[in-house]
Amino acid sequence: MKHLTKYLFAFIILATIYSCGSDGATATEPKTDSTPKTAPVTIPAFNADSSFAYIEKQLSFGPRVPGTDTHKACKDWLVSKFKSFGADVIEQDFEASFYTGTKAASTNIIAQFKPKMKRRIILAAHWDTRMFGDKDEDPTMRDKPIPGADDGGSGVGILLEIARLLKEYPIDLGIDIILFDAEDQGKSGDGPIEYWCLGSQYWSKNKHLSNYQAEYGILLDMVGATKPTFGQDEYSLQFAGPQVRKLWDLAQRMGYGDMFVNRKTTGLVDDHVFVNTIAKIPMLDIINRSTNSESSFQKCWHTHCDDISVIDKRSLKVVGQVVTAAIYKESTGNF
């Protein structure tokens, strides 16, 4: 996953209350003529406090390493939570084979809103946590599983809050929230990329509906730390370029250009790669990277300090509001 490789290119070729101007989300975008061509859209305000609480809840179970009791307990809570928001939930079970030679029961969680609608957008994140903190400065901690507050927990926390908004403020668009499992268990360094993102690989080959298709997808990964930088990764641009440009332009018009920056970054192995290349569904990745190297990830990446202390509510607010605005605008043709 969040794993840089200069060789990947070859592989690929083979938003309780409604928002207003105060948070950057506006009800409508200015038109060049006096006659609206599409219906106006009202965007609900994304609640960062709620999202933060969902991250805390995930951490309360302990590390979410596939095959563990804590992992199963968190899965059961996630499924129950999505159902409480009115989603039709599919638990896609599979056996993950790790590079260590071990296998573990894993589950992709698919929460469907308006499942009968043909027009569909995917919102995704991974919900597992890494089985060891191999980047920890303390050698005695490197074989212990990490908390995963930002790396996994932040994206899930944002998507749970969006699910709550979809229940309270329904839209005329099918939304599939997919939580991929077994994403973060690969080998650091130059190991095979196929050992990363096992859940998205499985889903891409075995979509929850045989004839399933979506217009595009938005992946959230490591989106909750303080002062994040969201550049435009090479593979997002290659496969979902129009969506990248529209989303970043929307974020900047909402006043969030300090986070959503117009800078191309090198390709990154993350769940979107396999959705793009196997499922053939355009998917972009919103991920915090300050530069083009692994060291660009937030300082607690793959360490035991990736706990609730790294989560910043403004980051949750910005990402959550931008993604919420995108799908609500999409539902009326304003995106």
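Heavy atoms only: backbone and side chains are in, while hydrogens, waters and symmetry mates are out. All residue numbers in this chain count up from 1 along the given sequence.
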Under the ring-ring contact (aromatic ring centres under 6.0 Å, His included) test, residues paired with F230 that sit two or more places apart: F260
How would you list, by chain and number, every residue that makes a ring-ring contact (aromatic ring centres under 6.0 Å, His included) with Y195, sequence neighbours excluded? none
Say whether, by atom type as modelled, one donor and one acceptor occur between the side chain of [X] and the main chain of [Y] under 3.5 angstrom.
X	Y	result
S106	A104	yes
W196	D270	no
K144	G133	no
E56	I308	no
R130	G186	yes
S154	V223	yes
Q201	E194	yes
Q58	G153	yes
D151	T129	no
S51	G157	yes

From CA spacing to verdict: side-chain contact (heavy atoms from CB on, under 4.5 Å), L247, L284: CA-CA 10 Å; L247 191 72; L284 62 88; 3.9 Å; yes
4.5 Å side-chain heavy-atom contact, [X] and [Y]:
X	Y	result
K299	W301	no
H126	L179	no
D233	T266	no
F297	I287	yes
Y54	W77	yes
L173	I121	yes
L165	Y328	yes
V323	I158	no

Check: [X]/[Y] side-chain N/O donor and acceptor closer than 3.5 Å:
X	Y	answer
Q92	N108	yes
D136	H302	no
S97	K103	yes
E161	S50	yes
Q238	N276	no
T107	D93	yes
D221	H272	no

Tell me every residue that passes disulfide (SG to SG under 2.5 Å) with C300, counting only those two or more places apart in sequence or in another chain. C305
Could you walk me through whether Q252 and N262 pass side-chain hydrogen bond (donor to acceptor under 3.5 Å, both in side chains), step by step? CA-CA 10 Å; Q252 291 162 7; N262 292 329; 2.9 Å; yes
Residues S236, D285; criterion side-chain hydrogen bond (donor to acceptor under 3.5 Å, both in side chains); working and verdict: CA-CA 6 Å; S236 295; D285 193 7; 5.6 Å; no
Measuring from [X]:[atom1] to [Y]:[atom2], what's the distance to the nearest 0.5 Å?
X	Y	atom1	atom2	result
L209	R120	CG	CZ	8.5 Å
D181	L198	CG	CG	9.0 Å
I171	K114	CD1	NZ	7.0 Å
S331	Y169	OG	OH	14.5 Å
L219	L268	CG	CG	9.5 Å
Y212	W203	OH	CH2	5.5 Å

Determine whether more than 12 heavy atoms belonging to other residues, nucleotides or ligands lie under 6.0 Å from atom CG of D172. no
K313 and side chain to side chain donor-acceptor pair (under 3.5 Å): which partner among D49, N47, T226? D49
Under a 4.5 Å side-chain heavy-atom rule over Ile, Leu, Val, Met, Phe, Trp and Tyr, are [X] and [Y] clustered together?
X	Y	result
L237	I286	yes
I122	I175	no
I43	L220	yes

Which heavy atom of [X] sits nearest to which heavy atom of [Y], and what is that distance?
X	Y	answer
P145	V65	CB-CG2, 3.7 Å
A182	F94	CB-CZ, 4.2 Å
A163	F113	CB-CZ, 3.7 Å
A225	N288	CB-ND2, 4.1 Å
C74	W127	CB-CZ3, 4.2 Å
A124	F180	CB-CE1, 3.7 Å

With D143, which residues qualify under salt bridge (charged side-chain N to carboxylate O under 4.0 Å, His left out), at least two apart? none
Are [X] and [Y] within salt-bridge range, i.e. N to O under 4.0 Å?
X	Y	answer
D138	R142	no
D76	K72	yes
K207	D176	no
E215	R119	yes

Other ILVMFWY residues reachable from M141 by side-chain steps of under 4.5 Å: none
For residues 57-66, which residue pairs pass the salt bridge (Lys or Arg N to Asp or Glu O under 4.0 Å) check, not counting sequence neighbours? none
Go through the steps to decide whether E330 and Y216 satisfy the test side-chain contact (heavy atoms from CB on, under 4.5 Å), and finish with yes or no. CA-CA 11 Å; E330 188 70 77; Y216 63 89; 2.6 Å; yes
F98 and M131: side-chain contact (heavy atoms from CB on, under 4.5 Å), yes or no, with the steps? CA-CA 10 Å; F98 302 150; M131 56 185 160; 4.2 Å; yes
Assign the ring pair F132 / Y99 to parallel, tilted or perpendicular, where the plane angle (0 to 90°) is split at 30° and 60°. perpendicular
